[in-house]
Amino acid sequence: MSARVRARSRCRARHDSGMVTSEYAVGIIAAVGFAAVLYKIVTSGEVSAELQDLVKQALSAHT
């Protein structure tokens, strides 16, 4: 393979690496959606009560 062909292939490989703006946007939207679902789960009554009990037990543990 000639040096010229290798240089072109390296340049093309570097140029195509990474995400484009639309892929970042889709990733951010997915992350925000996942965070919203997680927030709803954690702040629901039952889960919140369980988490509070867990924290109380951890704080009152005797070592």
Peer 1: Is the side chain of Glu23 donor-acceptor paired with the backbone N or O of Val20 at a distance under 3.5 Å, no angle test?
Peer 2: yes

Peer 1: For a quick test of reading the model, state the closest non-hydrogen atom pair linking Val47 to Ile41 and the distance between them.
Peer 2: CB-O, 3.3 Å

Peer 1: Are Phe34 and Tyr39 in one and the same hydrophobic cluster, where Ile, Leu, Val, Met, Phe, Trp and Tyr link if side-chain heavy atoms are under 4.5 Å apart?
Peer 2: no

